[in-house]
Structures are given as C-alpha cells and as structure tokens.
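For reference, the structure is listed below as structure tokens.
Chain naming here is simple, since letters A, B, ... match the order of the sequence lines and numbering starts at 1 in each. Owing to the predicted nature of the structure, the values given are computational and were not obtained by experimental measurement.
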Amino acid sequence: MQLPQTTSHVQHRIIDWFSTNARDLPWRSADRTPWGVLVSEVMLQQTPVVRVLPVWQEWLRRWPRPSDLAAEPSGEAVRAWGRLGYPRRALRLHAAATRISSEFDDAVPATVAELKSLPGIGDYTAAAVAAFAFGVRSTVVDTNVRRVEARLFSGTALPAPSLNAAEMQLAEALLPLDRETSVSWNAASMELGALLCTARSPKCAACPVRTDCAWLAAGEPEPTYQPKGQPWAGTDRQLRGAVMAVLRQAEHPVPRSLFFTPAVGLDGPAEDGDPPLQRLHALASDSTRLERILADLVHDGLAESSAAGLKLPG
DNA sequence: AATGCGTGGTT
DNA sequence: TAACCAAGCAT
C-alpha cells in the first residue's frame, strides 16, 4: 500500500479527538521526566494502566532518578514491582538504571539506538521513550497502533499474529513528517486503540474516523485466525509466580524446608485469598519440579540462594 | 520465529 | 466461566 507521508484528514481527526479525550496520566504531565516516562513504558509492557498507576507513583517517589534506583539492590526493585507481573522487567529496569547512571551521567538517552541498547528496552519502548520523553520523530508501533491500522487501512478485525515488515512500512508511511505532529499521531493512535478501537467490542459509534474505516466498510468481518491462548493452570509460570509472591512478602531468607514441607492442616485447592506460602504448597505437589523452578529463578537473578534459604537478590 | 515469561480484570 | 487480553522483550 502506497501512502503519501503527508498528514491526512483521517490522521488529523484522530489527533483532534486525542486533544479532548486523552487520559490525564501522570507520565504525560507537564512536569514528567524522561526517567518517569521510561519507567511507565516498561511497566506498561503487557500490563494495564490501572494496575500500573499506583506502582509507578511509588517508584517515582522513591527513586526519582535512575541513580536512586541503581543505589539499591535489585531485589528492592523486584519487591516494589509488586504484582505487576513479569518481574524480570523490574530486574531489567534496575540494570538499565545502573547503566544510565554509570554510562549516561544519570540522564536517560534520547536516541532510539542508545535506548535499545538498554536491557528490557526493545523496538516499541525505545521508540515510545524517544517520542514521548524527548519529542523525537520515531515510529511507535504497539498492539493498539497495530489494531487501529489493521482496521482502518487494511480492513481486518485484528493485525497479524506478530509484527511484520509490511505493517512496519505502513506505520512508517503514516508517520507525519512534522516532528511535533508525529508525536501527537503516535500518542493519539495508541490512545484510540486503547479507549475505542479495542480488541473486543470496539466503541465504533464514538470513533472519530468511523466513516473512513475499512473494517467497518467491509461489514466488520471476523478475525481470520484463532488467537493462541495463554495457558496458565499447571504451568511453570504459575508456580514461579507463587514462589515470587512468597519471596516478595518475606523479610528474611525463607528456609528451603518451608518450600518443600507444607504445614499440616493447610492442604487443599489454591484460592485467591490464601497466604503466599499456602498457595505455593497447594500448587507444588512435585518436589522435583519445585526444585527446578527454584533453580531457574536463581539462574534468572530473581532469587538468591544461601544456607539460610531463598530471598530476593540483595 | 516460536516460545516462555505474571497477573488480574473483562466478557 | 473459561477464555481472552493488556503501551513486549529476549532467546
């Protein structure tokens, strides 16, 4: 698909819609810092805004600069990560903060290439930080942008299972040449996908470009492929999560015997309200498997093993 | 490039 | 209610 790199009326309408409908998020405020933007982008990787908000506030209050985080053990980052999920992100953010403070004089770098060199920062996050923290013209393509562009221009219900070259070329062709307009387009197309052009039950009646949408014009055809599910019950991820919940809560090393010897009378199916150790015991019937999970967590740097037991890395 | 990695709200 | 899904990254 060949498109001019001038900003079309469709794009202007989305940008106009954004100017009056953008959420008032703290990492968008006038007094935002590049570090705050970077932390928000990493936290938002696969985690909804509402869960990120309180944790982001606490992180920025506690660690206003990269060097503040770098001065603490990585385990503190993991503990303060709370239940955002994928705790390796906390580890990588800590490692990124360490490199920013030592190699970049405590200032988040402004180029996509330098940002991508940091741990946990990939194509999307590097482009997003460059655009939203520094006003750089960069092609920001996240799951929201992909879905908006799939519906609006390709006429399909959902984008391909993974980002491909054609999609990237389309996104680059759509990026306004004007620097400030490109930043607005990036933020606006993401927000449209997050608020209206959602994966399930999109709010087309409120969409500023409903009359231009190829997917609506085609009669809202169904997705042509089956999204692959994310198995959970019985997976290593579930057990790893249960172990990490125990470690986050513990103030001292947890003796290995506590992992492998359930307290009597606490057996039964896992429930949401159970204390972390009880939940773990309900899941970990196979001690060989649990042994491997613990070793993996130590290997991944999410846990530290000593004679006293297991704890978050100090 | 297909897979593994947390968590909890929504449908 | 089980399945889907959320501002991805690294290997």
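- Protein atom NZ of K116(A) is 12 Å distant from nucleotide atom C1' of dG8(C), rounded to whole Å.
- Atom P of dT3(B) sits at a distance of 23 Å from the matching atom of dA7(C), rounded to the whole Å.
- Atom CG of L44(A) and atom C1' of dA6(C) are 9 Å apart (whole Å).
- Of the candidates dT7(B), dT11(B), dA7(C), the closest approach to any side-chain atom of R83(A) belongs to dT7(B).
- Hydrophobic cluster membership of L158(A), counting Ile, Leu, Val, Met, Phe, Trp and Tyr whose side-chain heavy atoms lie under 4.5 Å apart directly or via other members: Y225(A).
- The same atom, P, is picked in dG6(B) and in dT11(C); the two are 14 Å apart, to the nearest Å.
- Of the C1' atoms belonging to dC5(C) and dT1(C), the separation is 16 Å, rounded to the nearest Å.
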Open item on the list: Set out, in order, the CA-CA distance, both residues' side-chain angles and the distance that settles side-chain hydrogen bond (donor to acceptor under 3.5 Å, both in side chains) for S8(A) and R13(A), then state yes or no.
Closed with: CA-CA 9 Å; S8(A) 69; R13(A) 266 190 232 164; over 6 Å; no
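- A straight line from OH of Y86(A) to C1' of dA7(C) spans 14 Å, rounded to a whole angstrom.
- Atom CG in L93(A) sits about 13 Å away from atom C1' in dC9(C), given to the nearest Å.
- Of the listed nucleotides (dC9(C), dC4(C), dG6(B)), dC4(C) has the atom at the smallest distance from the side chain of R200(A).
- Checking V50(A) against R88(A), the closest nucleotide of DNA chain B that is more toward the 5' end is the one next to R88(A).
- Distances from the side chain of W232(A) to the nucleotides dA7(C), dC5(B), dG6(B) place dG6(B) closest.
- Taking atom C1' in both dC5(B) and dA6(C), the straight-line distance is 14 Å, to the nearest Å.
- Comparing I121(A) and L25(A) along DNA chain C, the residue whose closest nucleotide (by nearest heavy atom) sits nearer the 5' end is L25(A).
- Per the geometry, OH belonging to Y124(A) stands 13 Å off P belonging to dA6(C), to the nearest Å.
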